[in-house]
Amino acid sequence: MTINIILSFFSGISFIFYGIASFKSKRMIAEYDRWGYLKHRHSIGSLQFLGGLGLIVGLFLPSIMLVASFALTAMMMVAVLVRIKIQDDLFKMLPAIFYALVNAFLFYNNFLFSYRN
């Protein structure tokens, strides 16, 4: 279960920072514009922040972990599709793919764990 704790903190902190950066970072604002989601950056950033917070809180409340990890997996899968649509190269897609896999792993492990107990 230690890997779940490490990955939850890693992904949770990452998404909290990504969420905050969506509001303040000029680089992130430019990325949202490039992706075609500039008008949605506040809502997407808020969801990233809440998802990251949910991963950390979910260490104590497993139902929150399930919702947060599922939502972040879905969000990152959409991010991969957006990057395919705008024809980004694989290198630019790797962070979204990585975070989709990490959160899918967390969801799967916590889903199995919740039914074992």
Side-chain angles (χ1 to χ4, degrees):
M1 203 61 164
T2 305
I3 190 71
N4 281 0
I5 294 169
I6 293 167
L7 290 176
S8 294
F9 270 113
F10 174 76
S11 186
I13 296 297
S14 295
F15 276 102
I16 288 170
F17 281 109
Y18 275 119
I20 292 169
S22 296
F23 288 92
K24 298 187 177 267
S25 167
K26 290 180 183 180
R27 185 182 73 75
M28 286 302 293
I29 293 168
E31 284 292 289
Y32 277 98
D33 189 33
R34 187 174 73 82
W35 299 328
Y37 287 92
L38 186 60
K39 291 181 181 179
H40 304 286
R41 73 182 170 87
H42 290 111
S43 56
I44 294 169
S46 296
L47 290 172
Q48 289 176 329
F49 182 85
L50 291 172
L53 192 60
L55 291 180
I56 294 169
V57 171
L59 291 168
F60 306 100
L61 300 169
S63 59
I64 301 293
M65 174 66 75
L66 284 174
V67 171
S69 60
F70 180 81
L72 290 171
T73 299
M75 187 182 293
M76 291 298 97
M77 290 172 70
V78 170
V80 171
L81 293 175
V82 167
R83 289 177 175 273
I84 291 170
K85 180 183 172 194
I86 65 170
Q87 299 179 341
D88 269 353
D89 60 31
L90 180 61
F91 182 74
K92 288 184 179 177
M93 287 185 217
L94 284 178
I97 294 168
F98 172 76
Y99 281 104
L101 292 172
V102 166
N103 285 288
F105 176 82
L106 290 171
F107 175 76
Y108 178 76
N109 274 353
N110 285 282
F111 185 78
L112 286 180
F113 182 73
S114 67
Y115 281 104
R116 280 190 231 145
N117 292 326

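Along the sequence shown, the residues carry numbers beginning at 1. What's counted below: heavy atoms across the whole structure, side chains too, no hydrogens, waters or symmetry copies.
Ring pair Tyr99/Phe15: centre-to-centre distance below 6.0 Å.
To the nearest 0.5 Å, atoms CG (Leu61) and CE (Met65) are separated by 10.0 Å. Separation of atoms CG (Asn110) and CZ (Phe105) is listed at 9.0 Å; rounding is to 0.5 Å. One distance of note links OG of Ser11 with CD1 of Ile6; it measures 13.5 Å at 0.5 Å rounding. Rounded to the nearest 0.5 Å, atoms CG (Leu94) and CG (Asp88) are 11.0 Å apart. Note that CG of Leu90 and CZ of Arg83 are 11.0 Å apart. Values are rounded to the nearest 0.5 Å.
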Could you walk me through whether Tyr18 and Met28 pass side chain to side chain contact (heavy atoms under 4.5 Å, CB included), step by step? CA-CA 8 Å; Tyr18 275 119; Met28 286 302 293; 4.2 Å; yes
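Within 6.0 Å of CZ on Phe23 lie more than 12 heavy atoms contributed by other residues, nucleotides or ligands. The local environment of OH in Tyr37 is sparse, with at most 12 non-hydrogen atoms from other residues, nucleotides or ligands closer than 6.0 Å. Within a 6.0 Å sphere centred on CZ of Phe98, other residues, nucleotides and ligands contribute more than 12 heavy atoms.
Looking at Thr73 and Met77, their side chains come closer than 4.5 Å, going by heavy atoms from C-beta outward.
In this structure, Val78 is not a member of the same hydrophobic cluster as Met93, with clusters built from ILVMFWY side-chain heavy atoms closer than 4.5 Å. The hydrophobic cluster containing Leu101 does not contain Leu72, counting ILVMFWY residues as joined when their side-chain heavy atoms lie under 4.5 angstrom apart, directly or transitively. In the hydrophobic clustering of ILVMFWY residues, with side-chain heavy atoms under 4.5 Å counting as a link, Val82 and Ile84 come out apart. Residues Val80 and Ile86 do not share a hydrophobic cluster, clusters being chains of Ile/Leu/Val/Met/Phe/Trp/Tyr side chains in contact below 4.5 Å. Hydrophobic cluster membership is shared by Phe17 and Leu106, with clusters built from Ile, Leu, Val, Met, Phe, Trp and Tyr side chains linked at under 4.5 angstrom.
Across all their heavy atoms, Ala96 and Met76 have their closest contact at O-CB, 3.5 Å. The minimum heavy-atom distance between Leu66 and Phe107, with the atom names listed, is O-CD1, 3.4 Å. The shortest non-hydrogen separation linking Ala68 to Leu55 is CB-N, 3.8 Å. Between Met75 and Leu47, the shortest heavy-atom contact is CE-CB, 3.5 Å. Of all non-hydrogen atoms in Tyr32 and Ser22, the two that sit nearest each other are OH-OG, 2.8 Å.
For the side chain to side chain contact (heavy atoms under 4.5 Å, CB included) test with Ser8, the passing option among Asn109, Ile56, Leu59 is Leu59; the others fail.
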